[in-house]
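What follows is a set of notes on a single structure, which appears directly below.
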Amino acid sequence: MASQRGESLDTVKTRRKGIDKSHYLYIAVIAAVILGAVVGLMFPEVGKSLKPLGDGFIKLIKMMIAPIIFCTIVLGIGSIAKAATVGKVGGLALGYFVLMSTFALAIGLVVGNMIHPGEGLKLAPYDPSKKAEVDSTVAFLLGIIPGDIPVLPTLFAALLVGFALQKMGPQGAPVLKAIGHGQALVFRILIMIMWLAPVGAFGAIAAVVGATGFQAIVSMFTLMAAFYITCALFIVIILGGLLKIVTGVNIFKLMKYLGREYLLIFSTSSSEAALPRLIAKMEHLGVSKPVVGVTVPTGYSFNLDGTAIYLTMASLFVANAMGTPLDLGAQVSLLVFMIIASKGAAGVTGAGLATLAAGLQAHKPELLGGVGMIVGIDRFMSEARALTNFTGNAVATVLIGTWVKEIERGQVDQVLSGKLPFDEQTMIAGHGHTEHAAPETEAPRVPAAV
């Protein structure tokens, strides 16, 4: 896991260069979606025959669900324990994050039930026991990919292991460190798999459009538009309203202050890239270093508002597209599952997709076939997820600083009015790095969701 402290300018530049490589993947996915749609519209039968490409990619994602859930939940429980030890700030931050993430998940369900995305497509349900009529070579290749491990038992085991390691205290530290290394390995494998996303997206989109025609394209655009609008309203109305009521700060002034960070996030599709700058800017805004040192890193693991909205809206989209909409009971249980499992939607390309697949597999395995459609449009929604997550963490830092009376209100007004601009050279010289907070006050952090 990347260090949050002691990052030199060269380190930040190096990391950004690494992130820039994903632009090739982004472009390839966009091209694959367009090509798949064209093939599906012009040559429907050819499009349908490409379905194994999407199925194979989904199987690879399913293969990674259990290890991702296990590692991130165990490490997440360790983060909760560490954050709780820093007293009032950590406890208040965790309570706020859990409440706000749950609220965001619920909003996703409400909007999804209002617009009914994916309705009318009636795709064929996924049946893992049914042998598809495919070429023997294709069947052989698909058979190489390991079967999936049940999600709910994995989640239960991870919770037990996490709490057991808490009880072990210092003796559990080497085990947690080993699981951290295991998580790094799992994410590396997932990143390798995600480079096959263009192939999977091409096959899945071609097959869906070939089977349903132009309606599939309309449904995907409807989901994307609804998601962007929901995120925008969540930021302006929910986060902005809460910020104004509690602190009197205008959300638009705060967003203007964070403008350069928004550009960085939009160009990388990850809020992780802006983490050092958010720490520095929140301190410059007037929030005390201890509050920033606890709230921002913990929020990057547990305050994933954009990802929460995405997970529930995408789940309803898939369920409607498969012609098996979730009833209220299933939606509530899915909500509870996502509250826990969304902590595994870490800042690695594809982790959010794996968490979505985990939720569907745990509730209705036959819905997994619809994940192929999400593969094609997932990258289009990543910017909105990252921007919403980032804004949520910035607002949370100001709110918690106000609640614990660790914020200089006069400085906030001066900074947001432009009278006290942020000095980039100050950050380069070391501001926002090693002196932010003592290591013992920091919560170990899972990378942020995208």
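All heavy atoms count here, side chains included; hydrogens, waters and symmetry mates do not. This one's a predicted model, so the numbers in the text were calculated from it and none came from an experiment.
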Worksheet item: Within the distance-only criterion (no hydrogens, no angle test), does the side chain of D305 pair as donor or acceptor with the backbone N or O of N389 below 3.5 angstrom?
Response: no
Worksheet entry | By side-chain contact (heavy atoms from CB on, under 4.5 Å) - contacts of A106 (at least two apart) | none
Response to the item:
In short, L356 meets S315 closest at the heavy-atom pair CD1-OG, 3.2 Å
Worksheet item: Does the side chain of V74 come within less than 4.5 Å of Q183's, by heavy atoms?
Response: no
Item to complete: Check side-chain hydrogen bond (donor to acceptor under 3.5 Å, both in side chains) between T222 and all other residues, then give those that pass, not counting sequence neighbours.
Response: none
Worksheet item: Looking at CZ of R188 and CG of L185, how far apart are the two atoms once the value is rounded to the nearest 0.5 Å?
Response: 10.0 Å
Response to the item:
Residue set satisfying side-chain contact (heavy atoms from CB on, under 4.5 Å) with L60, at least two apart, ordered chain then number -> M63, I145, I193, L196
Worksheet, complete the sentence: Value for CE (M255) from CD1 (I235), rounded to nearest 0.5 Å, stands at 5.0 Å
Fill in: Qualifying residues under side-chain contact (heavy atoms from CB on, under 4.5 Å), relative to L160, sequence neighbours excluded
F156
Worksheet item: Just wondering, do Y262 and E383 contact through their side chains at under 4.5 Å, heavy atoms?
Response: no
Response to the item:
Heavy-atom closest pair (L304 atom, G299 atom, distance to 0.1 Å) is CD2-O, 4.2 Å
Worksheet entry | Residue pair L190 / I61, side-chain heavy-atom distance below 4.5 Å | yes
Item to complete: Return the minimal non-hydrogen interatomic distance between V398 and V287, and the atom names on each side.
Response: CA-CG2, 4.5 Å
Practice prompt. Write down the atom of A201, the atom of V33, and the distance for their closest heavy-atom approach.
Written response: CB-CG2, 4.3 Å
Discussion item. To the closest 0.5 Å, what do you measure between CZ (F70) and CG (L75)?
Written reply: 9.0 Å
Discussion item. Under the rule for side-chain contact (heavy atoms from CB on, under 4.5 Å), what residues qualify as partners of A204, not counting sequence neighbours?
Written reply: none
Worksheet item: Is the F103 ring parallel, tilted or perpendicular to the F234 ring (thresholds 30°, 60°)?
Response: tilted
Worksheet item: Looking at side-chain heavy atoms only, is the closest gap between V111 and F227 below 4.5 Å?
Response: no
Discussion item. For a quick test of reading the model, state the closest non-hydrogen atom pair linking C71 to V186 and the distance between them.
Written reply: SG-CG2, 4.5 Å
Discussion item. Under the criterion side chain to side chain contact (heavy atoms under 4.5 Å, CB included), I'd like the reasoning laid out for F97 against T295: C-alpha separation, chi angles, the key distance, then a yes or no.
Written reply: CA-CA 10 Å; F97 293 154; T295 305; 3.9 Å; yes
Worksheet item: Between F317 and S219, which heavy-atom pair has the shortest distance, and what is it?
Response: CE1-O, 3.7 Å
Practice prompt. Test Q331 against L316 for side chain to side chain contact (heavy atoms under 4.5 Å, CB included), laying out the working first.
Written response: CA-CA 9 Å; Q331 290 184 28; L316 291 182; 3.9 Å; yes
Worksheet entry | Residues which pass side-chain hydrogen bond (donor to acceptor under 3.5 Å, both in side chains) with T312, listed by chain and number, not counting sequence neighbours | none
Worksheet item: If you round to the nearest 0.5 Å, how far is CG of L285 from OG1 of T397?
Response: 9.5 Å
Worksheet item: How far does CG of L176 sit from CG of L165, to the nearest 0.5 angstrom?
Response: 5.0 Å
Practice prompt. Kindly indicate whether the side chain of K281, heavy atoms from C-beta on, has any atom under 4.5 Å from the side chain of L254.
Written response: no
Please tabulate, one pair per line, all N/O donor-acceptor pairs under 3.5 Å involving side-chain atoms of residues 414-421, not counting sequence neighbours.
from : atom 1 : to   : atom 2 : distance (Å)
S417 : OG     : D413 : O      : 2.9
S417 : OG     : Q414 : O      : 2.9

Worksheet item: F202 and L53: side chain to side chain contact (heavy atoms under 4.5 Å, CB included), yes or no, with the steps?
Response: CA-CA 8 Å; F202 170 70; L53 294 177; 4.1 Å; yes
Discussion item. Using side-chain heavy atoms (C-beta onward) and a distance below 4.5 Å, is L223 in contact with M381?
Written reply: yes
Item to complete: Tell me, please, which residues at least two apart from S288 pass side-chain hydrogen bond (donor to acceptor under 3.5 Å, both in side chains).
Response: E406
Discussion item. Contact between Y96 and L242 at the side-chain level, heavy atoms closer than 4.5 Å - yes or no?
Written reply: yes
Worksheet item: With a 4.5 Å heavy-atom cut-off, do I251 and T391 have their side chains touching?
Response: yes
Worksheet item: Can you tell me how far the CG atom of L311 sits from the CG atom of L334, to the nearest 0.5 Å?
Response: 8.5 Å
